[in-house]
Novice: 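Structure in structure tokens, see below.
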There are 2 protein chains.
Amino acid sequence: MQFSKSTGHALHAVIHLARAERGQHVGIKELAALLGVSESYLSKIMSKLRQDGIVRAMTGASGGYELAKSANLITFLDVIQVVEGRQKMYECFNLDSQQHQLFFESEEQASQHTGHHEGNGCLVKKVMDGAEQQMVHYLQQHTIQGVLDSAAATSTK
Amino acid sequence: MQFSKSTGHALHAVIHLARAERGQHVGIKELAALLGVSESYLSKIMSKLRQDGIVRAMTGASGGYELAKSANLITFLDVIQVVEGRQKMYECFNLDSQQHQLFFESEEQASQHTGHHEGNGCLVKKVMDGAEQQMVHYLQQHTIQGVLDSAAATSTK
DNA sequence: CTATTATGGATATTGCAGGTCCATAAAGAT
DNA sequence: ATCTTTATGGACCTGCAATATCCATAATAG
């Protein structure tokens, strides 16, 4: 249950791009040196960020990366989902188990009337989804610009 | 970024034990069949749950598992941490990177006075830790008993 | 044209979750 | 006593995904 290293690299890379002057391109060489990772590996991550519309890329001399949109429109969640994907953090693999039948045995009868299950689904999953939602909401409220502001506040304190 | 299958099995197993009569032991055979996993694999998980004081185990004929404490004292977090461990979900691997020095270069000077860094640490990690805390808090507030109550409410609805 | 830079495919490497097997110990049943 | 039942823990296997590298190619500036 850990975020991948790639997620950390992606976040740090995007933050660095946000610090660069608008319109200025930052090369993979510079980024890789900054983060302390290989250029080839980081370029894969940057490529994903580009495909998902987080950054823009320019080939050729004096090319490189820049943010595709304003830093206050890029949330932590946006960047994280590029690397981690968008699957739920918990999936119930006991769907056909007796466990669930026990949970809903009374409801089975009730659904004879309505023709469908009212509270259908795994109760464990309900809680886990709720927990995930708490985290997702927090990550959605924190933007890259927020980190820059926070850094500025810390520096001048 | 997913909870392991083992975590799901642990949660379902504990819930089943909570449904059993107090003082009654449930064997690994029954649990494994219920969850649809092998006995040998599930026994590893149960063993961990025992070591962490979530369940008790009895060897010998008519042995098996039972909860070590009341179901309303066992939170989702308790069970999850048994399987997933207690490490943080995010660790910054760019500790020595230029990135951080940029963030705190002004603070470096400030800390000449106090002798230590006030806002020491990676700002990315601060956000990630905050996000984790949201989820942890939620999981800490949801108990095994809560699921049983919720199941009862659904059944009689 | 040439130098520079990103891209994407192919290909290791590696760590770990997932899973099995077995020898051992403990406890009840006969 | 010993037999059966049950949990325990060590050793081991396996597949896959995260990590990581290399290279041929394309695009662009000068």
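In the text below, chain A, chain B and the rest are named by the order of the sequence lines, each starting its count at 1. Keep in mind that the numbers below use all heavy atoms, side chains included, and drop hydrogens, waters and symmetry copies.
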Novice: If you check every side-chain atom of B:S6, which of C:dA26, D:dT19, C:dG18 has the closest atom?
Specialist: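 Output: C:dG18.
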Novice: Using 0.5 Å steps for rounding, measure from the CG atom of A:L11 to the CZ atom of A:F76.
Specialist: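 Taking CG in A:L11 and CZ in A:F76, the distance rounds to 5.5 Å.
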Novice: B:K44 NZ to D:dC12 P: how many Å, rounded?
Specialist: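 The answer, rounded to whole Å, is 13 Å.
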Novice: Of the nucleotides D:dT21, D:dT19, D:dA11, which one has an atom closest to the side chain of A:S40?
Specialist: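 So the side chain of A:S40 is nearest to D:dT21.
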Novice: Quick one: OG1 on A:T7 to CD on A:Q81, what's the gap to the nearest 0.5 Å?
Specialist: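 The OG1 atom of A:T7 sits 10.5 Å away from the CD atom of A:Q81.
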Novice: Rounded to whole angstrom units, what separation is found between the CD atom of A:E39 and the C1' atom of D:dA20?
Specialist: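 So the two atoms are 13 Å apart, to the nearest Å.
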Novice: Measure from CD on B:Q51 to P on D:dT8 and round the result to the nearest Å.
Specialist: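 So the CD-P distance, B:Q51 to D:dT8, works out to 8 Å.
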Novice: Measure CG/A:L42 against P/C:dG8 and give the value in whole Å, please.
Specialist: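 Taking atom P of C:dG8 as the reference, CG of A:L42 is at 15 Å.
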Novice: Counting heavy atoms from C-beta on, name the nucleotide in D:dA20, C:dG28, D:dT8 closest to the side chain of A:K5.
Specialist: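 The closest nucleotide is D:dA20.
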Novice: State which of D:dA18, C:dA6, D:dA11 makes the closest approach to the side chain of A:A57.
Specialist: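 For the A:A57 side chain, the nearest candidate turns out to be C:dA6.
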Novice: Nearest 0.5 angstrom please: B:I15 CD1 to A:L123 CG, how far?
Specialist: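 Interatomic distance, B:I15 CD1 to A:L123 CG, rounded to 0.5 Å: 7.5 Å.
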Novice: Enter the distance from B:I144:CD1 to B:K69:NZ here, rounded to the nearest 0.5 Å.
Specialist: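 Reported to 0.5 Å precision, the distance equals 10.5 Å.
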Novice: Roughly, in whole Å, what's the span from CE in B:M1 to P in D:dA18?
Specialist: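 The answer, rounded to whole Å, is 13 Å.
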Novice: It should be established whether B:R56 places a side-chain nitrogen or oxygen under 4.0 Å from OP1 or OP2 of nucleotide D:dT6.
Specialist: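 For D:dT6, neither OP1 nor OP2 has a side-chain N or O of B:R56 closer than 4.0 Å.
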Novice: Compare side-chain N and O positions of B:S62 against OP1 and OP2 of D:dT5 and report whether any pair is under 4.0 Å apart.
Specialist: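 The answer is no; no side-chain N or O of B:S62 sits under 4.0 Å from OP1 or OP2.
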Novice: Which one, D:dT8, C:dG18, C:dT5, comes nearest to the side chain of B:S47?
Specialist: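 Of the options given, the side chain of B:S47 lies nearest D:dT8.
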Novice: Please tell me if A:R50 has a side-chain N or O lying less than 4.0 Å from either OP1 or OP2 of C:dA6.
Specialist: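 The answer is no; no side-chain N or O of A:R50 sits under 4.0 Å from OP1 or OP2.
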Novice: Assign B:Q2 to base, sugar-phosphate, or nothing according to its heavy-atom contacts below 4.0 angstrom with the strands shown.
Specialist: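 Result for B:Q2 = nothing.
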Novice: Please determine whether any donor N or O and acceptor N or O are separated by less than 3.5 Å between the side chain of A:K48 and the base of C:dG8.
Specialist: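 Counting by modelled atom types and ignoring angles, no donor-acceptor contact under 3.5 Å is found here.
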Novice: Nearest whole angstrom, please: distance from the P of C:dT5 to the CD of A:Q24.
Specialist: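 That distance rounds to 13 Å.
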Novice: Please tell me if A:Y65 has a side-chain N or O lying less than 4.0 Å from either OP1 or OP2 of C:dT7.
Specialist: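 Yes.
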Novice: Between C:dA27, C:dT7, D:dT28, which nucleotide has the shortest distance from any of its atoms to the side chain of A:M58?
Specialist: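 Minimum distance to the A:M58 side chain belongs to D:dT28.
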Novice: In whole Å, what is the span from the OH atom of B:Y41 to the P atom of D:dA11?
Specialist: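 It is 19 Å, rounded to the nearest whole Å.
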Novice: Measure from NZ on A:K29 to P on C:dA6 and round the result to the nearest Å.
Specialist: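 That distance rounds to 9 Å.
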Novice: Could you check which of D:dT19, D:dT8, D:dT21 has an atom nearest any side-chain atom of A:S38?
Specialist: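 Minimum distance to the A:S38 side chain belongs to D:dT21.
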Novice: Of the candidate nucleotides D:dA29, D:dT19, C:dT7, which contains the atom at the shortest distance from the side chain of A:S4?
Specialist: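 Among the listed nucleotides, the one closest to the side chain of A:S4 is D:dT19.
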